[in-house]
Asks: 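The structure under discussion is supplied below as structure tokens; questions concerning it will follow.
Order of the sequence lines fixes the chain letters, A, B, ..., with proteins taken first and strands second; residue numbering starts at 1 for each chain.
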2 protein chains.
Amino acid sequence: MGLSKKDEFTAKQNTLAGYAKALAHPARVAIVEYLSTSQACMCGDIVDVLPLSQSTVSQHLRELKSAGLVKGEIEGTSVCYCLNESGWNEMQSMLGEFLTTMKKCC
Amino acid sequence: MGLSKKDEFTAKQNTLAGYAKALAHPARVAIVEYLSTSQACMCGDIVDVLPLSQSTVSQHLRELKSAGLVKGEIEGTSVCYCLNESGWNEMQSMLGEFLTTMKKCC
DNA sequence: AACATTTATCGTAATATTACGATAAAGAAA
DNA sequence: TTTCTTTATCGTAATATTACGATAAATGTT
């Protein structure tokens, strides 16, 4: 490669790219969908519905968490994963601004 | 790794992830922003405004094109790159549906 | 205390991405 | 035709991602 070059771009560009990256894998889209539809928010059974191992799911969850789109609270021996509303709000507003101010020239 | 597992997910999940992946790098966000603000749509000077080499920019443009978010028309010796409205519309509607039907449980 | 359950992390391998320079391809200009 | 300009592609190297099994850590159960 040759070094990341991320600091050559604006903070906004990096933040938006970060949110996009969080959703840039079908497994993470599926996890978010599952957390959205399963009311209970009680988790671990994410592993059951996805065709991935426990460690891989855990890895994807960590990425979603570090992107601020998911939060997890320890509940006894298990962890309750939920969508993090404020993260989604920020993403939505950034993306909304990005999309609405966009002009297609041709 | 161990094989891609992409076909274990739905087409919708893969499509959405694909759009997200297209924006999952600050350089591509910057390219889209540039194409949006520069009215002319005459390109190649993307290389001038970005801190990347010509070949790297070309590579990013190809990804945006293959994601359907950008189109390029040959114009003599240069290429006119523009945002592909229909691609953005599809992305916007998919993402809109995804975001609006999403329920945060906690 | 001993054991079971749940989740995170480590180690590791396969693959994908990112980046560059060099070069090819194609049209414009001389 | 030769040369210049513009863009795409090839080759290659560095790094990141994705995935798994194994194991650790923490809490609950017996």
Side-chain angles (χ1 to χ4, degrees), chain A residues 1-9 13-14 17-31 34-35 38 40-67 70-82, chain B residues 1-9 13-14 17-31 34-35 38 40-67 70-82:
Chain A
M1 231 218 278
L3 298 170
S4 171
K5 295 255 172 165
K6 281 197 172 164
D7 27 292
E8 308 256 17
F9 299 96
Q13 286 163 345
N14 276 293
Y19 281 131
K21 187 180 252 178
L23 291 182
H25 193 288
R28 291 195 288 273
V29 173
I31 288 175
Y34 179 79
L35 287 178
S38 91
C41 132
M42 251 312 289
C43 307
D45 25 33
I46 301 174
V47 177
D48 296 336
V49 296
L50 290 191
L52 298 171
S53 76
Q54 183 269 322
S55 57
T56 303
V57 171
S58 187
Q59 218 170 242
H60 282 305
L61 280 167
R62 183 171 45 183
E63 278 176 74
L64 285 167
K65 249 196 301 186
S66 81
V70 156
K71 57 185 171 179
E73 269 187 42
I74 297 168
E75 195 136 307
T77 177
S78 67
V79 175
C80 169
Y81 276 109
C82 311
Chain B
M1 231 215 279
L3 299 169
S4 171
K5 295 257 171 165
K6 279 195 175 165
D7 28 292
E8 308 257 19
F9 299 96
Q13 286 164 346
N14 276 293
Y19 281 132
K21 188 181 251 179
L23 291 182
H25 194 288
R28 292 195 287 273
V29 172
I31 288 174
Y34 180 78
L35 287 178
S38 91
C41 133
M42 251 311 290
C43 306
D45 26 32
I46 301 176
V47 177
D48 296 336
V49 295
L50 290 190
L52 298 170
S53 76
Q54 183 269 322
S55 58
T56 302
V57 170
S58 187
Q59 219 170 239
H60 282 303
L61 280 167
R62 183 171 46 182
E63 278 177 74
L64 285 166
K65 249 197 300 186
S66 81
V70 155
K71 58 185 170 180
E73 268 185 44
I74 297 168
E75 195 137 306
T77 178
S78 66
V79 175
C80 169
Y81 276 109
C82 311

Asks: Rounded to 10°, tell me the angle between the two end axes of the helix from C:dA1-D:dT30 to C:dA30-D:dT1, each built from five pairs.
Replies: 10°
Asks: Applying side chain to side chain contact (heavy atoms under 4.5 Å, CB included), can you list everything that pairs with A:Ala20, at least two apart in sequence or on another chain?
Replies: B:Leu23, B:Ala24
Asks: Among residues 18-31 of chain A, which contact DNA chain D at a heavy-atom distance under 4.0 Å?
Replies: A:Lys21, A:His25, A:Arg28
Asks: Return the set of residues passing side chain to side chain donor-acceptor pair (under 3.5 Å) with A:Ser53 (not counting sequence neighbours), or none when no residue passes.
Replies: A:Ser55, A:Thr56
Asks: Counting any heavy atom closer than 4.0 Å, what does B:Ile74 reach on the DNA or RNA strands: base, sugar-phosphate only, or nothing?
Replies: nothing
Asks: Taking side chain to side chain contact (heavy atoms under 4.5 Å, CB included) as the definition, give me every residue that meets it alongside A:Ser78, ordered by chain and number, with sequence neighbours left out.
Replies: A:Met42, A:Glu75
Asks: Apply side chain to side chain donor-acceptor pair (under 3.5 Å) to B:Gln59 and list each qualifying residue two or more places apart in sequence or on a separate chain.
Replies: none
Asks: Is there a residue in residues 54-62 of chain B whose heavy atoms reach under 4.0 Å of DNA chain D, and which residues are they?
Replies: B:Gln54, B:Ser55, B:Ser58, B:Arg62
Asks: Please identify each residue that fulfils side chain to side chain contact (heavy atoms under 4.5 Å, CB included) with B:Glu8, with sequence neighbours left out.
Replies: A:Pro51, B:Lys5
Asks: Atom CG of A:Leu52 to atom P of C:dA14: distance rounded to whole Å?
Replies: 19 Å
Asks: Would you say B:Leu61 and B:Val79 make side-chain contact, with heavy atoms under 4.5 Å?
Replies: no
Asks: Dump every N/O contact between nucleotides 1-5 of chain C and the protein below 3.5 Å, one line per pair.
Replies:
from: C:dT5; atom 1: O2; to: A:Thr77; atom 2: OG1; distance (Å): 3.3

Asks: So does B:Ser78 get a side-chain nitrogen or oxygen closer than 4.0 Å to the phosphate oxygens (OP1/OP2) of D:dT6?
Replies: no
Asks: Could you tell me if the side chain of A:Tyr34 sits less than 4.5 Å from the side chain of A:Val49, heavy atoms only?
Replies: yes
Asks: Would you mind reading off the distance between B:Lys6 atom NZ and C:dA14 atom P, rounded to a whole angstrom?
Replies: 19 Å
Asks: Measure from NZ on A:Lys5 to C1' on C:dC20 and round the result to the nearest Å.
Replies: 9 Å
Asks: For B:Lys65, which residues count as a side chain to side chain contact (heavy atoms under 4.5 Å, CB included) partner, sequence neighbours excluded?
Replies: B:Val70, B:Tyr81
Asks: Output the rounded distance in Å from CD1 (B:Ile46) to C1' (D:dT7).
Replies: 11 Å
Asks: Look at the aromatic rings of A:His25 and A:His60 and report parallel, tilted or perpendicular, splitting at 30° and 60°.
Replies: tilted
Asks: Using a cut-off of strictly less than 4.0 Å, decide whether A:Tyr81 has a side-chain nitrogen or oxygen near OP1 or OP2 of C:dT6.
Replies: no
Asks: Hey, which sits more toward the 5' end of DNA chain C by its nearest nucleotide, A:Phe9 or A:Val79?
Replies: A:Val79
